[in-house]
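The structure appears right after this line, and notes come after that.
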Number of protein chains: 2
Amino acid sequence: MANKKTTIKDIANALSISTAAVSKALHDDSRISTKTKEAVKKVAKELNYQPNHLASALRRGKSNLVGVVVPRTNSNFFSSVIQNIEEVLNKKGYNIIITQSNESYQKECRNIDTLLFTQVDGIIASMANETTNLDCFEKIKSKGIPLILFDRGENDLNVDYIGINDYDSSHMIIEHLTQQGCKRIAHIGGYRHTRIFNNRIRGYIDAIKKHKLPTDDALLIESSLTTEDGRLKMQQLLDLEDRPDAVYVASDYAALGALQVLQENNIDIPNDIALVGFGDEPFTGMVTPTLSSINQHSAEIGKLAAETFLKHVDTTDLKQTLHKQILQAELIIRDSSKIK
Amino acid sequence: MANKKTTIKDIANALSISTAAVSKALHDDSRISTKTKEAVKKVAKELNYQPNHLASALRRGKSNLVGVVVPRTNSNFFSSVIQNIEEVLNKKGYNIIITQSNESYQKECRNIDTLLFTQVDGIIASMANETTNLDCFEKIKSKGIPLILFDRGENDLNVDYIGINDYDSSHMIIEHLTQQGCKRIAHIGGYRHTRIFNNRIRGYIDAIKKHKLPTDDALLIESSLTTEDGRLKMQQLLDLEDRPDAVYVASDYAALGALQVLQENNIDIPNDIALVGFGDEPFTGMVTPTLSSINQHSAEIGKLAAETFLKHVDTTDLKQTLHKQILQAELIIRDSSKIK
DNA sequence: CAGTGTTGCTTAATCGTTTAACTAAAGTGA
DNA sequence: TCACTTTAGTTAAACGATTAAGCAACACTG
């Protein structure tokens with residue numbers, strides 16, 4: 001078996017034509033006769049020719065690689081977004097390189113450097129929890145590489161963004177909980193410096209006021225939103241003199257931690273305390289009781305992100321500017337908030 | 001700001017030396033004076049030089065990219081393996097391209113083609129559930145590219161493999177369940193054509209015999225091991241005349257489905273029926289009751305896979321051969337199998 | 001039949017980096 | 001001083017594909 005890889009040179013030699021003719025034949029250039037094209041393709045198949053992507057990328061100045069930066073892949077939201085990005089881009093001849101930041105700003109920067117070094121044609125990213133400094137992302141922009149943000153974005157970067165309406169989502173949740181008769185609703189939110197979590201917090205506060213419910217500083221807690229921190233913050237709420245009768249947690253993972261603590265304390269969910277999460281992770285339908293949550297339309301977000309990137313490639317003079325595509329999220333009501 | 005990218009040519013011009021000298025200086029070649037090296041590095045920094053990875057990869061015939069093929073990324077096992085592969089390889093200057101097959105053989109093949117096209121230096125893979133045809137993988141081997149398999153492997157490929165001892169794991173589980181007093185233990189296993197699931201099944205059968213427990217064909221069921229199928233197969237077991245008093249499920253996801261069905265039928269876990277899963281996914285510690293499971297040492301597997309790849313690169317004449325690295329799995333006993 | 005197009009290729013430069021082979025200058029030892 | 005080694009570079013040819021420019025050969029037109 002041929003150990004060395006076949007190049008267009010081999011094909012050219014076999015047919016006694018130039019490598020240029022071979023290259024054009026393989027790209028169906030109109031200036032090559034049908035006869036030659038067929039001959040070239042036949043030989044290419046026989047020799048098991050596979051184009052050297054590096055060479056063509058170098059010559060054409062584009063790699064057909066798109067970098068994806070996510071906080072982690074082992075959440076259903078991100079893995080579903082990624083899957084859909086991949087599906088759309090593969091069809092157009094692009095491949096994706098997935099990197100995870102593990103919510104670390106340092107890792108995120110290193111990942112971005114890696115992607116730039118690999119000469120990706122674009123980057124689709126969702127920011128780490130830690131990220132406040134935007135230098136890394138500015139660097140991408142300054143290189144003239146399309147940058148598309150989703151879910152965890154930042155207006156100040158002035159780039160395309162795809163996400164859901166977090167502010168409205170909070171309203172939907174509070175609306176639902178008040179309908180269930182809840183009067184003292186707490187919120188375990190994310191860090192305020194992250195725009196989406198801040199929007200959820202603002203939505204929570206405004207909705208509480210709108211429904212003329214008590215606003216109590218003790219009921220609004222910032223959290224890293226891990227399962228472990230969800231446990232801690234829920235315990236904190238239970239330790240209050242005046243306990244809430246409902247808790248809205250800005251992430252399903254943290255909500256899961258909260259759920260465990262409630263059960264360990266033999267608290268009746270939802271009758272003593274109702275619980276609503278965020279993200280509609282598959283496990284929300286699997287725990288007992290099943291957990292109400294917000295569906296973020298991950299598939300749609302992935303598709304839109306990929307299509308937005310493609311728009312940038314197709315439109316050469318398209319300049320980066322703040323262009324938000326906001327999807328309307330959907331509240332999935334399950335047992336954890338259905339008060340009898 | 002410089003819109004065009006800086007190349008070694010720019011550095012060479014700035015210092016009136018050759019590009020060769022610049023290249024060598026940047027690689028700390030011994031034949032370049034310290035003075036020149038320093039000057040080159042200084043100018044490189046000033047001009048914000050970033051090496052063109054494509055060019056160097058083309059010239060050196062290696063891309064420093066490693067492809068990873070997994071069934072999916074949104075399981076803790078795979079995402080943890082990936083994270084550890086990445087950690088080890090990044091340190092050595094390699095980047096990884098992650099692709100998911102979604103358990104589809106077709107997608108797996110396309111992913112592999114993509115990776116080969118991208119000129120990866122090696123591929124680390126875990127096979128899709130569907131995969132029985134090994135042509136795609138033979139293709140990798142025939143190109144002379146190192147292939148390392150983990151978890152879902154296949155002896156016939158004669159390549160490196162890293163995994164746990166599935167056969168022994170089954171023994172551990174049956175041992176534990178009999179100690180708890182279980183006498184009629186069922187197994188919801190994976191498809192027999194997948195080696196690891198077959199090993200778990202063989203382990204189950206042999207352990208049952210060893211403990212002189214009844215072997216009943218109705219107690220051994222093959223499954224796709226999704227949560228949904230776990231529900232179906234558990235229901236099937238409940239419909240039996242003579243129900244089991246323990247069920248060992250070959251995947252945590254399917255075990256979760258089983259757990260739901262048991263709860264819906266108001267069956268006391270573990271006292272009526274004990275339950276053990278496989279994989280030690282984080283949710284096993286979060287559901288009620290917490291689910292006993294097998295820790296597969298994902299971090300260790302990722303590290304070993306990466307290190308095995310590096311061994312192939314370092315040892316030029318290392319030929320591909322069946323070399324198994326088997327880790328001893330650990331049984332994590334939780335409430336679902338602690339009979340009072 | 002000269003002029004103009006069209007067809008179907010070839011030539012050669014190019015992308016940015018690496019590296020084998022060469023060279024000039026300086027240093028070393030007897 | 002001569003022969004030899006060491007040092008610090010330079011030159012030029014790759015790597016494999018793409019593409020602008022060139023050029024035969026033939027067809028067509030008025």
Side-chain angles (χ1 to χ4, degrees), chain A residues 2-41 43-44 47-65 93 116-121 143-144, chain B residues 2-41 43-44 47-65 93 116-121 143-144:
Chain A
N3 203 7
K4 270 291 138 255
K5 288 167 190 167
T6 322
T7 69
I8 51 168
K9 211 170 195 169
D10 300 321
I11 303 177
N13 286 340
L15 291 167
S16 301
I17 56 174
S18 69
T19 58
V22 174
S23 172
K24 286 178 184 164
L26 291 171
H27 287 90
D28 268 330
D29 189 297
S30 64
R31 311 192 66 103
I32 298 290
S33 69
T34 321
K35 195 188 285 181
T36 309
K37 279 182 193 169
E38 280 169 1
V40 166
K41 283 172 185 170
V43 174
L47 297 181
N48 193 25
Y49 169 73
Q50 274 224 315
N52 184 322
H53 177 248
L54 297 172
S56 87
L58 173 59
R59 180 60 232 260
R60 297 183 317 157
K62 61 183 304 227
S63 63
N64 273 41
L65 250 33
L116 293 176
F117 173 71
T118 316
Q119 316 282 123
V120 294
D121 291 344
K143 297 243 171 202
Chain B
N3 203 6
K4 273 287 140 258
K5 287 166 189 167
T6 321
T7 70
I8 51 168
K9 212 170 194 169
D10 300 322
I11 303 177
N13 286 340
L15 292 167
S16 303
I17 56 174
S18 69
T19 59
V22 174
S23 173
K24 287 180 183 164
L26 291 171
H27 288 90
D28 269 329
D29 190 297
S30 64
R31 309 192 69 104
I32 298 292
S33 68
T34 320
K35 195 188 286 183
T36 309
K37 279 182 192 168
E38 281 169 2
V40 166
K41 284 171 186 170
V43 174
L47 298 180
N48 193 24
Y49 169 73
Q50 275 226 312
N52 185 321
H53 176 250
L54 296 172
S56 87
L58 172 60
R59 178 60 232 255
R60 298 181 320 158
K62 61 180 306 229
S63 63
N64 273 41
L65 249 34
L116 292 176
F117 173 72
T118 315
Q119 315 283 124
V120 294
D121 291 344
K143 298 243 169 203

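Here is the naming used below: chain letters follow the sequence lines, and residue numbers restart at 1 for every chain. What's counted below: heavy atoms across the whole structure, side chains too, no hydrogens, waters or symmetry copies.
To the nearest 0.5 angstrom, B:S63 atom OG is 11.0 Å from B:L58 atom CG. To the nearest 0.5 angstrom, A:N64 atom CG is 13.0 Å from A:Q119 atom CD. In this structure, CG on A:L47 lies 13.0 Å from CD1 on A:I8, to the nearest 0.5 angstrom.
Here the P atom of nucleotide C:dG16 and the NE2 atom of B:H53 are 16 Å apart, to the nearest Å. Rounded to whole Å, the distance from CG on A:D29 to P on C:dT7 is 12 Å. Rounded to a whole Å, the NE2 atom of A:H27 is 20 Å from the P atom of C:dG8. One can place NZ of A:K62 at 19 Å from C1' of C:dG16, the figure rounded to the nearest angstrom. Nucleotide C:dC9 holds its C1' atom 16 Å from the CG atom of A:D28, rounded to whole Å. One atom, NZ of B:K9, and another, P of C:dG16, lie 8 Å apart when rounded to the nearest Å. The CG-C1' distance, from B:N64 to C:dT17, rounds to 14 Å in whole Å. For A:R31 and C:dC9, the CZ to P distance is 11 Å, given to the nearest whole Å.
Comparing A:L58 and B:S33 by the nucleotide of DNA chain D whose heavy atom lies nearest to each, the residue mapping closer to the 5' end is B:S33. In this structure, A:I32 and B:A20 both approach DNA chain C, and ranking their closest nucleotides by distance from the 5' end singles out A:I32. DNA chain C is contacted by both A:R59 and A:S16; A:S16 maps to the nucleotide lying nearer its 5′ end (nearest heavy atom per residue).
Within 4.0 Å of B:R60, counting heavy atoms only, lie sugar-phosphate atoms of the nucleic acid but no base atom. Using a 4.0 Å heavy-atom distance criterion, A:S18 is classed as a base contact. Nucleic acid contact class of B:L54 (heavy atoms, under 4.0 Å, all strands): none. Within the 4.0 angstrom heavy-atom criterion, base atoms lie near B:S23. Using a 4.0 Å heavy-atom cutoff across all strands shown, A:S30 reaches no nucleic acid atom at all.
For the pair A:L116/B:Q50, a side-chain contact is recorded, criterion being any heavy-atom separation below 4.5 Å from C-beta on. Using a 4.5 Å heavy-atom threshold, the side chains of B:I32 and B:V40 count as separate. A 4.5 Å side-chain heavy-atom check between A:T7 and A:N52 finds every atom pair outside the cut-off.
The residues A:K41 and A:D28 are annotated as salt-bridged, a charged nitrogen and a carboxylate oxygen being separated by less than 4.0 angstrom.
The span of DNA chain D lying next to chain A, judged by atoms under 4.0 Å from heavy atoms, is bounded 5' to 3' by D:dG16 to D:dA21.
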